[in-house]
Number of protein chains: 2
Amino acid sequence: MAEFLIRKLEHFTSLSTEDKHALDQASRQRTRRIRSRDDIVHEGDLPQGVNLILDGWACRYKTLEDGRRQIIAYLLPGDLCDHHVSILREMDHSIGTVTAVTLAEIPTETMRQLTAGQARLSQALCWESLVAAAIQREWTVNIGQRTAFERLGHLLCELYVRLRAVGLTQGNTCELPLTQAEIADTIGLSVVHVNRTLQELRSVGLISLRGRELTIHRLDALQRAVQFNPNYLHLGREGRHLDSNEA
Amino acid sequence: MAEFLIRKLEHFTSLSTEDKHALDQASRQRTRRIRSRDDIVHEGDLPQGVNLILDGWACRYKTLEDGRRQIIAYLLPGDLCDHHVSILREMDHSIGTVTAVTLAEIPTETMRQLTAGQARLSQALCWESLVAAAIQREWTVNIGQRTAFERLGHLLCELYVRLRAVGLTQGNTCELPLTQAEIADTIGLSVVHVNRTLQELRSVGLISLRGRELTIHRLDALQRAVQFNPNYLHLGREGRHLDSNEA
DNA sequence: GATTGTAATTAACTTTTGTTATGACAATTT
DNA sequence: AAATTGTCATAACAAAAGTTAATTACAATC
């Protein structure tokens, strides 16, 4: 069950069989299935336990009074949400699904046991949340400084590399189940401008995007064109390929 | 020494005399003075211990190859930087000073001792870092969705409220040691536009800003005008005033 | 296979924001 | 005291991005 999380954590350190077993057990205790475009947690809720995304895409988002919405983060298979959030009195943002999602609800107590015992595992989970924070910082840079072209290309690079890190890419292709409206709310552009910018990325031959399938024709070229430096993902040596179907 | 940190943490929970003493001791072990507009930590460095800002303003920032710069966070008196960051192999961003800064370098080992003993203190420090993460998310919303006017007003509200939480405001006035260029790099606007927008905030009577001194004439009005909702700072009941010099 | 709703595309036009340049002023340095 | 530098302010113009609206493509359902 926890295969994606385990695969991700192993970019940081190698886990013992017991560690992996413990994670797997924890993720089996209580699973939940949520349909597409539905809320998992709502702003104002009392924070509860920890959710692990087993399958599907979710996102953190925040809505302003007048309806404007900002997507703050994407939660992909293997991502943990809200490790210590139960310390806070209420959620300051919502979490919703993009696709149908299967998640494991790991009780706070189970979480405590996981981290109390093994130092390795505890460190790995800490690494997980530090990387999440680093991604959030990079988004600030992305939206604050980059042009529309760079912003969009950067987002696509990030999602592709994160999916690759958990084995969810096939060659230079991956799923991208986002509408242009969702992309717009992610990088702070209008839908129309996202569309224009996607055309541009296509017309220079960097990507293909049809249906829900994204292909990055030359990742290195795209990285250079949009100044994507994967350091902030702290995945260790890049170029390590984890694709399930590589040539 | 750790007075600002203690004052901040007490918004979350009340600390025992021992807790406060331990924090104070930890912050006296090794202090360092850095002059204005200088780097404390540079991208690529090996992450070390934990820094506590005792006095002055610093910021996290990231620079792109072509010189564009994004300020990612402000570090004010009482802020801790990089609680667990030593887990990562290298810094993915830099930390620099805005004003002259005094900071305490707290060794990882001391940090471990602080959190190992008292659950209260450990929780409080965890709260500290959750709030930092929440601020980062709010910045994503701010830059991604809000107009120039709202963005700037929102930033000023946040800085004022954070300073108030550590007792660094006098009535509705606080220090604002930022140049317009720094503000521009914070909210993703050009210097010229920051200037225009400041004029606008002044002309509608919401703020005064002269020299390094900011006055927010009616905080509630400014909050409404820019949709600033202080929830994300998780300071507990607002309206609790901690000003050192209130009428 | 027709119908319906959602998403993508495109165009025309407006607004916002960036760029470049310049002057005023104050703080520092020489 | 003079010169230099950094910051703030303002104007004129250019570029980027938003808005509205109409149209097309696509996918799901009946």
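Just so we're on the same page: letters track the sequence lines, and every chain starts at 1. Computed from a predicted model, the values in this text were never measured in an experiment.
- Along DNA chain D, the stretch of nucleotides lying under 4.0 Å from any heavy atom of chain B spans, 5' to 3', D:dT7 to D:dA12.
- For the segment residues 198-216 of chain A, the set of residues with a heavy atom within less than 4.0 Å of an atom of DNA chain C comprises A:Gln199, A:Arg202, A:Arg212, in numerical order.
- Residues that satisfy the side chain to side chain donor-acceptor pair (under 3.5 Å) test with B:Arg202, not counting sequence neighbours, are absent from this structure.
- Side-chain contact between B:Asn231 and A:Glu90 is present, with at least one heavy-atom pair separated by less than 4.5 Å.
- End-to-end axis angle of the helix from C:dG1-D:dC30 to C:dT30-D:dA1, from C1' rotation axes over five pairs per end: 50° (rounded to 10 degrees).
- A:Leu178 places its CG atom 16 Å from the C1' atom of C:dT6, with the value rounded to the nearest Å.
- Residues passing the side chain to side chain donor-acceptor pair (under 3.5 Å) test with A:Thr147, sequence neighbours excluded: A:Glu150.
- By the 4.5 Å heavy-atom criterion applied to side chains, A:Leu155 and A:Trp139 are counted as neighbours.
- Contacts between residues 139-153 of chain B and DNA chain C, defined by a heavy-atom separation under 4.0 Å, are made by B:Ala148.
- Across all non-hydrogen atoms, the minimal contact from B:Gly56 to B:Val101 is C-CG2, 3.9 Å.
- Not counting sequence neighbours, the partners of A:Ala73 by the side-chain contact (heavy atoms from CB on, under 4.5 Å) test are A:Arg60, A:Gln136.
- A 4.5 Å side-chain heavy-atom check between B:Gln70 and B:Asp185 finds every atom pair outside the cut-off.
- Across all non-hydrogen atoms, the minimal contact from B:Ala104 to B:Ser27 is CB-O, 3.3 Å.
- Residues from residues 181-191 of chain A with heavy atoms under 4.0 angstrom of DNA chain C: there are none.
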List the atom pairs, with distances to 0.1 Å, where a side-chain N or O of residues 211-218 of chain B and a protein N or O form a donor-acceptor pair under 3.5 Å, not counting sequence neighbours.
from	atom 1	to	atom 2	distance (Å)
B:Thr215	OG1	B:Thr173	OG1	2.9
B:His217	ND1	B:Gly205	O	3.3
B:His217	NE2	B:Ser208	OG	3.0

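- For the residue pair B:Gln199 and B:Asn195, a side-chain donor N or O sits within less than 3.5 Å of a side-chain acceptor on the partner.
- Residues B:Leu76 and B:Phe4 form no side-chain contact, since every pair of their non-hydrogen atoms from C-beta on lies 4.5 Å or further apart.
- Going from atom CG of A:Leu189 over to atom CD1 of A:Ile143 covers 9.0 Å, rounded to the nearest 0.5 Å.
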| query | Is there a side chain to side chain contact (heavy atoms under 4.5 Å, CB included) between B:Met91 and B:Asp82 once you walk through the steps? | reply | CA-CA 10 Å; B:Met91 288 292 292; B:Asp82 308 320; 4.2 Å; yes
Can you tabulate the close N/O pairs, meaning under 3.5 Å, that link protein atoms to atoms of nucleotides 21-30 of chain C?
none

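- Under the 30°/60° scheme for interplanar angles, the aromatic rings of A:Tyr232 and A:His154 are found to lie parallel.
- Not counting sequence neighbours, the partners of A:Arg137 by the side chain to side chain donor-acceptor pair (under 3.5 Å) test are B:Asp92, B:His93.
- Atom C1' of nucleotide C:dT9 and atom CG of A:Asn195 are separated by 5 Å, given to the nearest angstrom.
- Counting to the nearest Å, the P atom of C:dT10 and the CZ atom of A:Arg196 are 12 Å from each other.
- Rounding to the nearest 0.5 Å places CD1 of B:Ile135 at 11.5 Å from OG1 of A:Thr140.
- For B:Thr63 and B:Arg69, the side-chain atoms include no donor-acceptor pair closer than 3.5 Å.
- Residue pairs meeting the side chain to side chain donor-acceptor pair (under 3.5 Å) criterion with at least one partner in residues 38-58 of chain A, sequence neighbours excluded, are A:Asp39-A:Tyr61.
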